[in-house]
Peer 1: 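The structure follows.
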Amino acid sequence: MSRGGFRGRGGGGRGGMPSVPGMSHEAYREIMAAPPQHAGMLYPPLSSASVAFLPRPSDFESGMIRKETELEETLRKGIMVDQEQGTYWCGWRLPEVRKMVGIEIETYSDLFARPTAAAPNDEELDPVKMKMDEMFFPPSLWDAYFEPEKEQKRGKGKVPKKRKTLDSDGDDKPDGEEAEKSSNASSAEEDAEYEDESDHQDYDANYFDNGEGDDDEGGEDEDVGNGGNFDE
Amino acid sequence: MSGVTRGQGKEAVRLCEHIVRQAFGNVVCRVASVLLNRGRLPILILSRLSALTRKSTAASLLILMQHNLVQTTSLTLLPDPPQGMSSSDDQYEFDVSECLHRLRYGRVLALTAGWPTFGKLASTAEEIVRMVMLYGKVKVRDLRGSLAGDGDAIRASAVQEAMLLLVRWRFLIPTCPELQILEAEIIQRRYNHLKTQTQRNSGAKVLSANQINEARLSARNQVLNERDALQALEKVLTRREKINKKRKKGEDEYDYDLKPDVSLRINHDRYGILIRDELIVKAAEDRWNVGAGIVMRAVCSAAVNEHSTLSEARTGTDVMFNEIIARIPHEAYPVLGPGIIGGTSKSTADIVRAYLAILAGEDQMLANGSAFLSKTSSTNPAYKIELERVCVKIREALLSELVRQRVGEKAGRVLAVVTKAKIASEQTVRDCAMLPLKDARIHLARLQKLNLVETTEVPKSGAKMRINMPSAAEYHLWSVDLPRVYNSLLSNIYKTIGNTIQRRAAEVEKRTTLLEREAKAVRLGGRALLQTKDQNDLGSLEESVKKLVTGQERSDLVAFILRDLPGWPAK
């Protein structure tokens, strides 16, 4: 980018000089030619700006830090339930689903591992203990956790009604649509439950990808998968 | 609460994920991260995207909603829900500002414990607030039951008194199911309703721009007013007249009590006001002296009342002189006297009056900073605090301090010149910052690298082509774009806090076996049972955790200054 700069310089051939707006090339050359600071030193002194330091916390801050760490400990471990046993109840940490890979060898530390593991299937959130009030949540969400059968039953119950309204064909149109929507939702829910398990286990079928679904023009449906369909 | 939506880029999202993972574990964090990155989702798609069963997703959503982190669009939470709603279009959205407020929990507890009005009840009040923090929202009777359920009458009355104080001073506010619905959703529905109403009234389907604007603004105002009314004091506090034969003068005539079925949650706004007042006091101390800080603290604590909000531009009600005098502690009197030069009177009232005159800018020294207070009437003086002006100054001071520390003192002068001049050429910078031109250019280049200043090119002559002109034919001007600067600083702060949280989790994870041994030792009798090496390692872990939390709390204070104080620059 040397428009207009050539005229000011005698003797060209100095390519690659960046043009700084508002600065003449003599000034730039002057800056570049000056020897750098601390030349020749093996360990030049650090500029003060690059050393960050943390001043000691004041009294108020120490109190604050202590309370914060205690609160986070409580959130992590839970509330002590039994003084002697040292068991904690931690309702807000949901247990993760651990996939069993290979053979599980129990180690010595597991004997003394957190005793919350002793209550494994206590995954049920206890609304009283967690101070949850049913009024604060939409009923669909509440039922989805606490009464999943009610959800499915509600969905299944509508299906025969749908057939009835198709025959009667007239006044119950909005009901029919709603029934259709909720039955679709419930069948989609069931699909979702089944699909989750089949996702992880189709390793063999999905391993050899013969590139069948790769370069299609997009006319076919995209969710063919990678070769898993011809085995099912 | 409608938080301000600033700096909500990817750094804020990443920080929220860290906060949720630290507090609630990995499963809930997965659901939260899907909601954060994809926006509003119904539960079905949410469970597919987070690769969890529907039951786990529902459990995570229940926990997040209980802690006010997720809100829903479902209208079934209204007191009279409309009929015929299908549950499959219930959507859930994450509330980023509420999540960022969780960083302040330690400070909230410390402020509660240090609030002078509580006196002996400070630790009880702190326990109550801590319990509300652990559970998200708690009903009054649950609070009473858990904290004072032993049948100890003294403790029960202490808990009751502390709760009353917390509620009356608005540290805890009532909440109700309707507040779980997304504000934007309700505003949208109200706007549609008003629009159809206007259409029916005017008889035309197409509305003018004015009418649409009016509908939108009035919908927003109505909804915000209604939501404020739902959190008003009367929802939880009841009072009845005291039946007392001899009524002492000046005592409350009412007996206050709390409704047992109302849920309480933490009012971050009120704690924000406390933090803001501390910042103002420190600013007054920096600007004048310690005596001015003491007087300012008295004014601030007198100005806080039931209706103050964090974002007001100046205090709502006037502060009378007597209230200010009443709030200055006796121990501070000896400090006040030496702070004023030229006052020979010994009476405290006159000294305080002199301080107030200076704070209100009556000495006309408005060069370095504007007045902190404004006086209203001259006969019976009453003062208002000019909050917005002070907070703008605090923010600017933060920015210049940052530049001075990172780049250098001269660069700080350069930035001050460019900020004051709004747009300046390098000659102006050289003259006003008193630097040679070479240095001025170097500092300007460094500031530009940090995104603090930006250039504009203005052609020197009225040439036809505007772009790609040769450098010599243009004026190169420097300017500061304050909103952009503050937003980029805010993103950097969020990144820093996210890094500290991540580092803490990594440090703890590195030492899981050590912590298990410690847990076993604690169960068997105490930490002294561990070997010396284990004890040293635990000590070093605690040290690093303390340092990380210090860094986190200080960064959070900076984020508070940048984001939550009033006076965001308009552009």
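Hydrogens, waters and symmetry mates play no part in the numbers below; they use all other heavy atoms, side chains included. Chain A is the first sequence line, chain B the second, and so forth, proteins listed ahead of strands; every chain is numbered from 1.
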Peer 1: Under a 4.5 Å cut-off applied to non-hydrogen side-chain atoms, are B/Leu69 and B/Phe24 in contact?
Peer 2: yes
Peer 1: Within the distance-only criterion (no hydrogens, no angle test), does the side chain of B/Ser50 pair as donor or acceptor with the backbone N or O of B/Val31 below 3.5 angstrom?
Peer 2: no
Peer 1: Measuring from atom CG of B/Leu143 to atom CD of B/Glu127, what distance do you get when rounded to the nearest 0.5 angstrom?
Peer 2: 11.0 Å
Peer 1: Name the region of B/Ile43, side chain, backbone, both or neither, that has any atom closer than 4.5 Å to a heavy atom of chain A.
Peer 2: side chain
Peer 1: Kindly indicate whether the side chain of B/Thr72, heavy atoms from C-beta on, has any atom under 4.5 Å from the side chain of A/Phe137.
Peer 2: no
Peer 1: Under a 4.0 Å N-O cut-off, is there an ion pair linking B/Asp261 with B/Lys139?
Peer 2: no
Peer 1: Who among B/Arg504, B/Lys547, B/Glu542, B/Arg517 has the most heavy-atom pairs with chain A under 4.5 Å?
Peer 2: B/Arg504
Peer 1: Can you tell which part of A/Arg56 gets under 4.5 Å to a heavy atom of chain B, answering side chain, backbone, both or neither?
Peer 2: backbone
Peer 1: Relative to chain A, which segment of B/Ser263 carries a heavy atom at a distance below 4.5 Å: side chain, backbone, both, or neither?
Peer 2: side chain
Peer 1: Heavy-atom pairs under 4.5 Å with chain B are the metric here; pick the option from A/Arg66, A/Met135, A/Lys131 that has the most.
Peer 2: A/Lys131
Peer 1: To the closest 0.5 Å, what do you measure between CG (B/Leu103) and OG1 (B/Thr500)?
Peer 2: 8.5 Å
Peer 1: Of all of B/Pro177, B/Ala110, B/Ser425, which one pairs up most often with chain A through heavy atoms under 4.5 Å apart?
Peer 2: B/Pro177
Peer 1: Heavy-atom count check: over 12 atoms from other residues, nucleotides or ligands less than 6.0 Å from A/Glu73 CD?
Peer 2: yes
Peer 1: Find the one option among B/Lys137, B/Met133, B/Glu178 whose heavy-atom pairs under 4.5 Å with chain A are most numerous.
Peer 2: B/Lys137
Peer 1: For chain A, which of B/Val508, B/Val138, B/Leu134 has the most heavy-atom pairs under 4.5 Å?
Peer 2: B/Leu134
Peer 1: Check whether the side chains of B/Arg130 and A/Thr74 place a donor and an acceptor atom closer than 3.5 Å, and report yes or no.
Peer 2: yes
Peer 1: For the candidates B/Gln552, B/Gln180, B/His67, B/Arg107, which exhibits the highest count of non-hydrogen atom pairs separated by less than 4.5 Å from chain A?
Peer 2: B/Arg107
Peer 1: Report which part of B/Gln22 has an atom under 4.5 Å of a heavy atom belonging to chain A: side chain, backbone, both, or neither.
Peer 2: both
Peer 1: With only heavy atoms counted, which part of B/Ala113 is less than 4.5 Å from chain A, the side chain, the backbone, both or neither?
Peer 2: side chain
Peer 1: Checking A/Glu61 side chain against A/Ser58 main chain: does a donor-acceptor pair fall under 3.5 Å?
Peer 2: yes
Peer 1: Answer with side chain, backbone, both or neither: which region of B/Tyr92 has an atom nearer than 4.5 Å to a non-hydrogen atom of chain A?
Peer 2: side chain
Peer 1: Go through B/Ile181, B/Thr175, B/Leu75, B/Ile442 and name the one with the most non-hydrogen pairs under 4.5 angstrom from chain A.
Peer 2: B/Thr175
